[in-house]
Amino acid sequence: MSTKESRDGKFGEYGGQYVPEALMPAIEELTEAYERFVLENEDGFVDEFRRRMREFGGRPTPLQHADQLSERYDTDVYLKREDLLHGGAHKLNNALGQVLLAKYMGKERIIAETGAGQHGTATAMAAAHLDMPCEIYMGETDIARQRPNVFRMRLNGSEVNPVTTGRGTLKEAISETMRDWAKTVENTHYVIGSVVGPHPFPAMVRDFQALISEEARRQTREKEGRLPDAVLACAGGGSNTMGAFHNFVPDESVDLYAVEAGGSSLSVDEEAGVAPNSASLSTGEEGVLHGARTRVLQDGDGQIMESHSVSAGLDYAGVGPELAHLVDTGRVDAVNVDDDGALEAFHRLSQLEGVIPALETAHAFEYLEEHHDDLGEFVVVNVSGRGDKDLETVIEETAERDLSIAPEMDLFREIGGGAL
Amino acid sequence: MSTKESRDGKFGEYGGQYVPEALMPAIEELTEAYERFVLENEDGFVDEFRRRMREFGGRPTPLQHADQLSERYDTDVYLKREDLLHGGAHKLNNALGQVLLAKYMGKERIIAETGAGQHGTATAMAAAHLDMPCEIYMGETDIARQRPNVFRMRLNGSEVNPVTTGRGTLKEAISETMRDWAKTVENTHYVIGSVVGPHPFPAMVRDFQALISEEARRQTREKEGRLPDAVLACAGGGSNTMGAFHNFVPDESVDLYAVEAGGSSLSVDEEAGVAPNSASLSTGEEGVLHGARTRVLQDGDGQIMESHSVSAGLDYAGVGPELAHLVDTGRVDAVNVDDDGALEAFHRLSQLEGVIPALETAHAFEYLEEHHDDLGEFVVVNVSGRGDKDLETVIEETAERDLSIAPEMDLFREIGGGAL
Amino acid sequence: MTLAAAFADDLAFVPYLVAGDPTFDDSLAYIEALDRGGADVIELGLPFSEPIAEGPTIQEGIVRALDGGMTTERYFEFVGALSVEAPVVCMTYYNLIYQCGDERGPRPFVERAAAVGIAGLVVPDLPPEEAGPLRAACDEFGLDLIFIVAPTTRGERLEQMYEHVSGYVYVQARLGTTGARDDVSEQTDASLARVADWEVPKAVGFGIKTGDHAERIIAAGADGVIVGSVLVDIVAEGGTEDHPREDVAARLAEKAEELKGGAVAGARRGTRAEQP
Amino acid sequence: MTLAAAFADDLAFVPYLVAGDPTFDDSLAYIEALDRGGADVIELGLPFSEPIAEGPTIQEGIVRALDGGMTTERYFEFVGALSVEAPVVCMTYYNLIYQCGDERGPRPFVERAAAVGIAGLVVPDLPPEEAGPLRAACDEFGLDLIFIVAPTTRGERLEQMYEHVSGYVYVQARLGTTGARDDVSEQTDASLARVADWEVPKAVGFGIKTGDHAERIIAAGADGVIVGSVLVDIVAEGGTEDHPREDVAARLAEKAEELKGGAVAGARRGTRAEQP
Ligand SMILES: Cc1ncc(COP(=O)(O)O)c(C=O)c1O
Ligand SMILES: Cc1ncc(COP(=O)(O)O)c(C=O)c1O
């Protein structure tokens with residue numbers, strides 16, 4: 001695996017290690033472990049990681065020609081099928097990598113934060129697989145609205161610690177996990193959920209996720225004898241994005257599109273501290289959040305805003321520093337798609353291809369729908385996850401919007417019974 | 001692909017084509033198509049099937065060493081990970097095979113029955129992928145209790161036709177689908193959901209599912225340099241079972257265990273017409289059901305009984321004729337595990353391996369728990385599907401039983417809110 | 001009376017009901033009403049839990065009869081208790097025939113059926129390829145074995161049926177399952193043509209609803225009409241609160257007369273009248 | 001008064017509260033009560049939405065203050081409106097410092113802070129490696145920059161801090177985040193030993209709750225005690241219905257006296273008393 005950032009984790013001006021002093025030893029220890037095990041493959045770490053991702057995770061994931069979309073757009077559209085990974089999303093690449101690293105470091109306990117529960121379930125699976133005790137911090141609001149994911153974590157033997165401070169969502173869960181870590185660094189590893197946080201997390205998570213583009217790059221050559229014209233991925237924190245882009249970054253001919261959640265509007269309500277979107281790259285400003293300098297949704301004072309997206313996994317006020325840097329340098333295009341568009345794309349892909357995507361992923365497909373003419377003749381879309389987790393949300397949000405593309409759900413009314 | 005049954009679809013005394021005369025032309029046309037396309041690879045059917053199963057379905061699925069179980073039992077336990085297949089179960093092997101065959105036959109419309117919705121969702125996915133209109137018959141009782149699966153089918157663009165006759169469950173749905181087929185044979189293919197029904201279905205579905213053992217056999221050699229001592233699979237209709245066994249049948253050294261649902265008891269209430277289990281191989285009698293002679297749960301008159309299992313996918317009163325024959329001839333051991341055991345195994349695998357199995361699959365793991373001493377030193381268990389679909393059932397059934405292995409779910413009580 | 005005799009006066013009205021729908025006693029009264037209404041042969045369903053060949057109407061009748069306690073044993077009692085002129089044909093699925101008695105196979109069932117005076121059997125899910133043992137038992141005990149010829153039945157299969165059939169041949173008027181329809185299918189003519197030279201009478205079923213239908217079908221050359229769903233519908237509707245059973249029986253008798261009348265009219269104007 | 005001067009009488013009681021918790025006016029009264037209770041330095045939190053270094057108690061205080069309308073601008077007004085003897089140190093997170101004003105970077109914030117008389121800054125998420133620009137601004141406007149030394153801080157990092165620190169050094173008593181605890185950590189002694197030869201005063205914080213704690217810590221060689229969570233708890237509890245504000249203020253003053261008293265007692269019996 002290769003890395004482009006400087007030794008101290010800077011991507012241009014972004015990155016760094018803005019953390020309380022008490023966390024610095026943990027960060028330093030982790031940095032050293034990252035360099036030894038992940039970068040130098042000490043003790044065969046990378047080999048074991050790759051083997052477990054194959055056998056437990058289901059790698060390589062296929063690169064599938066999307067017959068119907070290709071016809072619709074008169075473009076060869078390929079799907080990189082991370083939705084087929086164990087757990088249903090790319091999240092496992094990172095979770096398994098970090099839990100395994102914790103084992104190599106001699107840690108005895110795993111903690112992680114989770115918002116919608118995708119990273120929490122991936123971490124719980126990895127921890128069970130590697131026989132590591134695991135505690136997941138999750139806001140109580142999120143616990144109440146993501147019960148199936150909570151149950152999955154509990155089934156895998158993880159503790160789920162409700163976070164009751166503040167608004168009880170992802171931001172508070174991250175703070176609470178950092179607090180736990182500050183007290184327990186000696187025996188505990190904190191598995192962060194995306195390419196965010198202090199160095200070495202952004203680089204390390206990217207390296208674990210880079211399996212996606214390592215495979216995709218080889219697969220595009222096998223299928224079409226050449227590299228694609230464009231790669232599209234949705235971007236929340238940016239881990240599937242960086243994973244899908246990383247090995248294509250040196251290939252100047254390949255355009256890279258990070259599709260953010262435009263939410264209900266790109267405007268911002270400074271007064272209320274609310275951004276009705278999660279488009280940190282498109283509308284955010286440089287700032288320091290959760291340990292790194294990056295692009296952040298914030299008000300004039302620097303207070304972090306409440307972000308919004310119909311897809312819980314994109315609903316974050318920051319973004320990985322490396323991705324922010326690649327956008328600033330022009331290598332990656334930051335674009336966005338709103339809630340309505342994402343819902344339409346969710347239905348479109350389900351109907352046309354028989355693949356029900358995560359709502360996060362659907363953003364990338366809506367961008368394809370809207371801009372396929374400008375993307376060349378050979379496009380890869382990273383299907384970051386499957387949409388089973390989103391059924392309830394989609395039913396509700398679709399009903400509110402009266403989308404013509406959505407299937408009728410009358411048969412439930414005929415038969416009676418409540419919501420999903 | 002190879003087949004062992006006689007030309008007319010007999011496995012010993014079992015099998016055959018016990019269908020209304022109006023269906024015979026469809027059955028004959030299908031038999032011919034099966035022989036040409038599936039057995040002879042005419043027009044490259046098999047090649048396309050295999051390619052689509054790789055690219056769309058995610059084959060090959062891994063054969064994973066289960067580290068914790070292996071240690072627990074002092075036996076090398078491997079998991080054949082069909083849960084990683086697109087849709088979350090082995091069902092897609094068959095659904096995609098049949099929908100593709102229908103396309104080769106020039107059919108314009110797909111129909112299928114579904115009980116819990118697993119086969120329906122797989123068929124809906126395959127039909128969307130191959131751009132075929134699809135209608136799924138489903139009992140209205142099942143529709144009400146399997147809403148997420150119904151939604152997935154609708155999302156994939158399939159019609160879901162509520163069946164209101166009788167008790168509104170799987171049996172009625174099969175009858176209704178056969179009725180539709182009897183009227184529409186000319187342009188319609190009926191995608192049956194397991195290795196049941198009239199010839200050629202049992203042989204054909206087995207051939208599609210046999211990818212499982214084709215891969216597993218090769219993988220066991222790669223991993224351990226030899227064939228396994230035993231292969232375990234749960235058996236409802238028997239499709240994942242036959243798929244997991246088929247290529248091992250000639251290997252006399254490999255013991256094959258079909259694990260049926262023992263339900264709450266192996267006894268039978270003839271008066272009420274209810275068998276509180278679905279163990280057709282263990283407790284059923286020879287009979288004719290849904291077009292084939294096989295082992296059937298029936299009363300002394302020959303009326304089919306209401307079967308029961310905590311896992312909806314095993315809840316069927318019959319079983320594939322080939323599997324019945326292999327049991328009669330002693331090649332396959334028919335064993336069973338009750339509801340309580342299946343629930344415990346569900347929790348055990350989730351906690352120890354980070355793999356949440358389908359409740360159906362859990363039966364096979366409980367058999368392993370109870371009999372690992374007799375199974376040799378190298379055992380393969382077919383993980384026929386993932387358990388995400390079963391969360392609600394498991395919460396309820398676990399709460400009723402007070403299983404010590406189950407995780408506490410107090411945090412929901414603390415936080416409030418209703419069921420899952 | 002044998003089935004051949006029943007068709008002897010050159011046309012037959014063959015009504016179908018499920019035995020025991022909705023109760024043993026009701027059902028007795030209903031069958032007898034059909035007999036009074038002019039039935040030449042009675043097809044009496046022995047209800048099976050998985051009636052894959054039936055449409056929703058008959059399937060619901062089967063559920064009612066099973067819920068009402070009908071079993072194979074009670075069915076034989078039922079036939080014994082019937083007082084009708086027309087011969088009775090048992091219509092059921094193969095599993096009930098196969099499982100009856102201690103020894104597996106169709107013989108015990110046929111023996112019992114013969115003992116209570118059943119004249120023949122129709123088994124919609126028994127293909128001619130598998131019919132050998134049942135044919136043998138029927139021969140042993142003097143029962144007829146009726147086969148259903150579908151619009152799609154041709155060639156080899158048709159020949160196999162021809163070999164096994166006796167009593168009459170059940171000509172399925174159209175593709176699909178049983179159920180009352182509004183038109184008379186064009187497929188009927190073609191089907192009848194395919195079996196024209198068979199020596200058994202030809203009875204057409206599936207979707208016949210009115211006297212008018214019956215007339216047209218007989219006029220088209222059939223020897224009989226088989227009518228089920230429309231009669232089961234009458235049973236399903238039920239009667240008035242005061243006289244439920246009598247009421248349904250009366251309406252059944254009336255419908256039977258209409259259908260029989262249609263058949264007779266058809267015979268008068270049809271091609272058959274000119275034939276010997 | 002400069003921070004150095006505040007520590008000049010050889011021990012300092014350093015209370016912490018969040019500015020604007022729960023309202024601007026309440027908070028003014030509370031800070032002034034602490035001042036009356038004997039505060040030598042006041043650490044005044046400027047609330048940030050993501051306080052990753054704080055325990056739940058202070059985090060909730062921050063949420064209250066933000067909900068009460070506290071902003072950077074209001075914070076400067078607040079400091080301007082305070083009438084206290086003790087010098088005020090602003091404790092906040094780097095993003096608020098970095099974003100303030102039109103030009104990006106810490107300078108505008110420091111300029112404003114100096115203008116309203118703030119004596120120093122504590123920025124828990126700013127590591128010494130990134131502190132260059134802020135140090136420069138502080139030098140320009142005469143503010144002190146306090147660093148937190150954790151029990152785990154050693155070697156190179158300790159040296160970097162030593163280079164940048166001024167005013168006093170914040171010695172973190174134990175691993176973890178802020179929050180009142182019941183015992184005095186053994187890690188405290190070791191931490192103090194590591195910075196023993198630094199020229200700035202040493203103030204120990206994290207988990208100090210009672211006069212007794214304060215006494216023991218001062219006796220162990222610290223120049224001051226920093227007390228936060230236990231005071232924020234008093235604010236969180238609130239007062240009586242009739243005189244909520246006065247009530248809380250009184251309890252804060254009382255607690256301050258207890259802590260200050262403990263510190264004084266510690267200085268009397270501690271090793272420091274023997275030192276020059
Ligand atoms: C399926 C899926 N895609 C995308 C994301 C966004 O995260 P990231 O931007 O780190 O890939 C998530 C986060 O939960 C997710 O579950
Ligand atoms: C996951 C899973 N396993 C097993 C079964 C049982 O079917 P079969 O015995 O045909 O494999 C089902 C049926 O729905 C299923 O969903």
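Lettering of chains follows the sequences in order, A, B, ..., and the numbering in each one begins at 1.
If you tally non-hydrogen atom pairs under 4.5 Å between each of D388(A), L352(A), V160(A) and chain B, the highest count goes to D388(A). Comparing P407(B), S158(B), P60(B), G57(B) by heavy-atom pairs within less than 4.5 Å of chain A, the highest count is held by P407(B). By number of non-hydrogen pairs under 4.5 angstrom with chain A, the leading residue of A124(B), A127(B), A126(B), G354(B) is G354(B). Between chain B and the options K223(A), K389(A), E159(A), R51(A), the largest number of non-hydrogen pairs under 4.5 Å is found for K223(A). For the set I356(B), N161(B), T61(B), L349(B), the count of heavy-atom pairs under 4.5 angstrom toward chain A peaks at I356(B).
Looking at H347(A) and L155(B), their side chains come closer than 4.5 Å, going by heavy atoms from C-beta outward. Within the 4.5 Å cutoff, side-chain heavy atoms of F151(B) are placed close to those of V394(A). The shortest distance between side-chain heavy atoms of F56(A) and L79(B) does not fall below 4.5 Å. The side-chain heavy atoms of E55(B) and L63(A), taken from C-beta on, include no pair separated by under 4.5 Å. Annotation: side chain of R147(B) is not in contact with side chain of E392(A) (no heavy-atom distance under 4.5 Å).
At a 4.5 Å heavy-atom cutoff, the contact between L130(B) and chain A is made by backbone atoms alone. Contact annotation for R59(B): neither backbone nor side-chain heavy atoms come within less than 4.5 Å of a heavy atom of chain A. Proximity to chain A is limited to the side chain of R52(B), based on heavy atoms less than 4.5 angstrom apart.
Residue-environment remark: CG (D47(B)) exceeds the threshold of 12 foreign heavy atoms within 6.0 Å.
Residues of residues 81-90 of chain B that come closer than 4.5 Å to chain A, counting heavy atoms only, are R81(B), D83(B), L84(B), L85(B), H86(B), ordered by residue number.
Counting all heavy atoms, side chain and backbone alike, G58(B) lies closest to P62(A) at CA-CG, 3.8 Å. H129(B) and Q68(A) make their closest contact through O-NE2, 3.0 Å (heavy atoms, listed as atom of the first residue, atom of the second, distance). Closest approach of A128(A) to S350(B), counting heavy atoms only: CB-O, 3.9 Å.
A distance-only check finds a donor-acceptor pair linking the side chain of R154(B) to the backbone of E408(A) [under 3.5 Å]. No side-chain donor-acceptor contact under 3.5 Å links N156(B) to the backbone of Q351(A).
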